[in-house]
Amino acid sequence: MARLSVVLLLVVATALVLRWRRPAWYWMTFGVVVAALRVLGRYASVMDACGLTVPPSRWRLTLARMTDRPAPESRAPRILRFRPTRTGLVLRLKLRPGQDAFDVSAATDRLRHSFGMYGVTAREIRSGVVELRMTGYDVLKRVQMPAKIDRASMRVPVALREDGSVHYRDYRIVPHGLTIGATESGKSVYQRTLVAGLAAQDVALVGIDCKQGVELFPLARRFSALADNQDTALDLLEALVSHMESVYQLVREEQRISVNVPDAEIAADIWDLAEDLRPTPVVVLVDEVSELALFAGKEEERRRDRIITALVRLAQLGRAAGIYLEICGQRFGSELGKGITMLRAQLTGRTVHRVNDETSANMAFGDISPDAVLAAIQIPANAPGIAVAGDSSGGWSRIRAPHTSLREAVNLCNKHADRTPDLPALAPFRPAVAPLAAVAPLAAGAVRLTKASTATA
């Protein structure tokens with residue numbers, strides 16, 4: 001008996017320590033079983049308390065009266081699937097007649113308290129079917145990407161969502177994106193994670209970093225073109241517009257429009273072309289868009305207008321030519337001048353890190369979702385990297401990118417430097433870098449040894 005008490009005490013102590021220090025390990029060992037029993041045991045009563053039940057149908061009431069039985073109870077949504085995951089639980093529910101997916105979404109906060117989970121989100125799978133994703137702990141506090149990730153061309157896993165799923169940046173679905181965030185909000189880490197994910201793919205990276213290149217030039221080996229000032233940025237953007245026009249000429253030549261060609265085989269963009277004819281897709285990363293839009297004189301104003309015009313043209317026409325924009329900035333409002341709001345309207349994907357005022361959040365989500373604006377301004381200052389991601393459909397979620405240091409991003413870009421395509425239209429803007437062997441990264445042990453030797457000397 002004493003031995004059993006000691007074992008139980010050790011198990012409880014282990015569970016408490018894991019829950020405090022390693023919540024992910026606690027969930028996989030103890031938490032998932034406790035939470036599953038709690039959810040299944042309380043399901044009917046919780047749904048009734050949250051107003052997610054419907055009264056019995058007339059024929060059931062009639063049958064009960066005819067057979068002299070007690071009146072049947074209200075019915076909760078039927079559980080179609082119950083699945084534990086590495087971060088929580090997933091319930092797929094079949095709604096009863098008269099229920100709506102909005103009712104479940106509105107009750108998620110009450111469900112979170114009633115089931116004792118950290119977070120609950122709801123989304124409609126199809127008509128009458130809703131999926132509840134419950135998280136057992138704060139997955140954004142210490143981001144750990146799952147080992148198995150669905151990778152595809154032009155699709156990059158960049159962050160983890162608050163429901164435990166992976167947030168992807170899919171350029172085939174959302175061609176252009178806008179990222180806003182104040183200083184030290186985690187915007188640069190998000191950008192480095194994106195570049196590190198794109199480095200392993202067959203894509204041309206084009207960077208515009210008017211902060212003298214301090215953010216993007218360390219990654220220069222994987223970039224086909226880079227600009228570090230406004231004048232070079234103007235020339236680079238106009239070269240991209242010319243490249244876009246040449247791609248459209250190629251697509252038009254290969255459209256193969258005839259009576260005998262099925263509609264599905266007619267080429268309308270680069271992805272409809274044969275693989276040996278398909279031009280390399282291009283991702284353009286603008287580190288600080290306001291530096292391209294500010295001006296102090298007439299000459300700079302003319303340059304600024306040409307830059308914004310080129311960006312708007314690329315945003316409006318670049319998708320079919322395989323040119324995708326990823327624009328970052330601290331603010332992105334009408335105070336940056338004419339053409340800015342037109343450009344913003346073309347940027348479907350929106351990601352907002354911590355901002356200094358509500359107006360900055362409204363610049364990204366004000367025309368999409370007021371709830372996303374409220375979530376963005378509530379991001380605390382002591383949680384860099386947390387952001388709100390949404391699109392023009394109105395859907396949004398809280399995300400956090402895994403911490404990617406500049407050294408890790410540089411190593412990945414150097415590793416995949418052989419994938420850097422050489423585009424003739426962008427050749428004048430190809431960054432000049434030293435041979436890779438001359439700047440090979442040192443191992444961690446070698447770095448410590450070098451520092452120790454220097455200190456001894």
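It should be emphasised that the depicted structure is a prediction, and the values quoted were computed from it without experimental measurement.
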Minimal non-hydrogen separation, [X] against [Y], with atom names:
{"X": "Leu292", "Y": "Cys210", "result": "CD2-SG, 3.5 Å"}
{"X": "Ile379", "Y": "Ala387", "result": "CD1-CA, 3.9 Å"}
{"X": "Val373", "Y": "Gly366", "result": "CG2-N, 3.8 Å"}
{"X": "Gly207", "Y": "Leu236", "result": "O-CD2, 3.9 Å"}

With a sphere of 6.0 Å drawn around [atom1] of [X], does it hold more than 12 non-hydrogen atoms of other residues, nucleotides or ligands?
{"X": "Glu184", "atom1": "CD", "answer": "no"}
{"X": "Met145", "atom1": "CE", "answer": "yes"}
{"X": "Phe102", "atom1": "CZ", "answer": "no"}
{"X": "Arg319", "atom1": "CZ", "answer": "no"}
{"X": "Arg86", "atom1": "CZ", "answer": "yes"}
{"X": "Arg38", "atom1": "CZ", "answer": "yes"}

Could you tell me whether [X] and [Y] make a salt bridge, using a distance below 4.0 angstrom between a side-chain N and a carboxylate O?
{"X": "Arg169", "Y": "Glu326", "value": "yes"}
{"X": "Asp357", "Y": "Arg331", "value": "yes"}
{"X": "Glu299", "Y": "Arg302", "value": "yes"}
{"X": "Arg126", "Y": "Glu131", "value": "no"}
{"X": "Lys211", "Y": "Glu288", "value": "no"}

Between the side chain of [X] and the main-chain N/O of [Y], is any donor-acceptor distance below 3.5 Å?
{"X": "Asp163", "Y": "Thr121", "answer": "no"}
{"X": "Thr135", "Y": "Gly164", "answer": "no"}
{"X": "Thr232", "Y": "Asp228", "answer": "no"}
{"X": "Asn229", "Y": "Gln212", "answer": "no"}
{"X": "Thr108", "Y": "Val104", "answer": "no"}
{"X": "Arg151", "Y": "Lys148", "answer": "no"}
{"X": "Arg278", "Y": "Leu273", "answer": "yes"}
{"X": "Glu300", "Y": "Ala296", "answer": "yes"}
{"X": "Gln230", "Y": "Glu291", "answer": "yes"}
{"X": "Arg400", "Y": "Leu140", "answer": "yes"}

Measure the [atom1]-[atom2] distance between [X] and [Y] for me, rounded to the nearest 0.5 Å.
{"X": "Thr87", "Y": "Leu160", "atom1": "OG1", "atom2": "CG", "value": "7.0 Å"}
{"X": "Thr348", "Y": "His176", "atom1": "OG1", "atom2": "NE2", "value": "7.0 Å"}
{"X": "Asp202", "Y": "His416", "atom1": "CG", "atom2": "NE2", "value": "11.0 Å"}
{"X": "Arg430", "Y": "Thr420", "atom1": "CZ", "atom2": "OG1", "value": "5.5 Å"}
{"X": "Leu314", "Y": "Tyr324", "atom1": "CG", "atom2": "OH", "value": "13.0 Å"}
{"X": "Leu234", "Y": "Ile208", "atom1": "CG", "atom2": "CD1", "value": "9.5 Å"}

Heavy-atom side-chain contact between [X] and [Y] under 4.5 Å:
{"X": "Leu205", "Y": "Val195", "value": "yes"}
{"X": "Val39", "Y": "Met134", "value": "yes"}
{"X": "Pro77", "Y": "Lys94", "value": "no"}
{"X": "Thr179", "Y": "Val352", "value": "no"}
{"X": "Asp109", "Y": "Arg112", "value": "yes"}
{"X": "Thr183", "Y": "Gln330", "value": "yes"}
{"X": "Phe332", "Y": "Ile327", "value": "yes"}
{"X": "Tyr171", "Y": "Arg155", "value": "no"}

For Val251 and Asp269: C-alpha separation, side-chain torsions, deciding distance, then whether side chain to side chain contact (heavy atoms under 4.5 Å, CB included) applies. CA-CA 6 Å; Val251 173; Asp269 57 30; 5.8 Å; no
Using the ring centroid of each side chain, check whether Tyr118 and Tyr137 are separated by less than 6.0 Å.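 No, too far apart.
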Does a donor on one side chain and an acceptor on the other come within less than 3.5 Å for Ser369 and Asp371? no
Regarding Thr404 and Thr193, do their side chains bring together a donor and an acceptor under 3.5 Å, going by distance alone?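 Short answer, yes.
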Got a sec, which residues hit side chain to side chain donor-acceptor pair (under 3.5 Å) with Trp25, two or more places apart in sequence or on another chain?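 Expected list: none.
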Start with the C-alpha gap between Arg398 and Ile386, add the side-chain angles, then the distance that decides, and say whether side chain to side chain contact (heavy atoms under 4.5 Å, CB included) holds. CA-CA 7 Å; Arg398 295 174 74 245; Ile386 291 182; 3.7 Å; yes
Would you please classify the geometry between the His353 ring and the Tyr190 ring as parallel, tilted or perpendicular, with 30° and 60° separating the classes? perpendicular
Would Phe429 and Asp235 count as a side chain to side chain contact (heavy atoms under 4.5 Å, CB included) if you check the C-alpha gap in whole Å, the side-chain angles of each, and the deciding distance to 0.1 Å? CA-CA 9 Å; Phe429 308 97; Asp235 296 337; 3.7 Å; yes
Steps toward side chain to side chain contact (heavy atoms under 4.5 Å, CB included) verdict (Thr351, Ile399): CA-CA 9 Å; Thr351 303; Ile399 65 170; 4.3 Å; yes
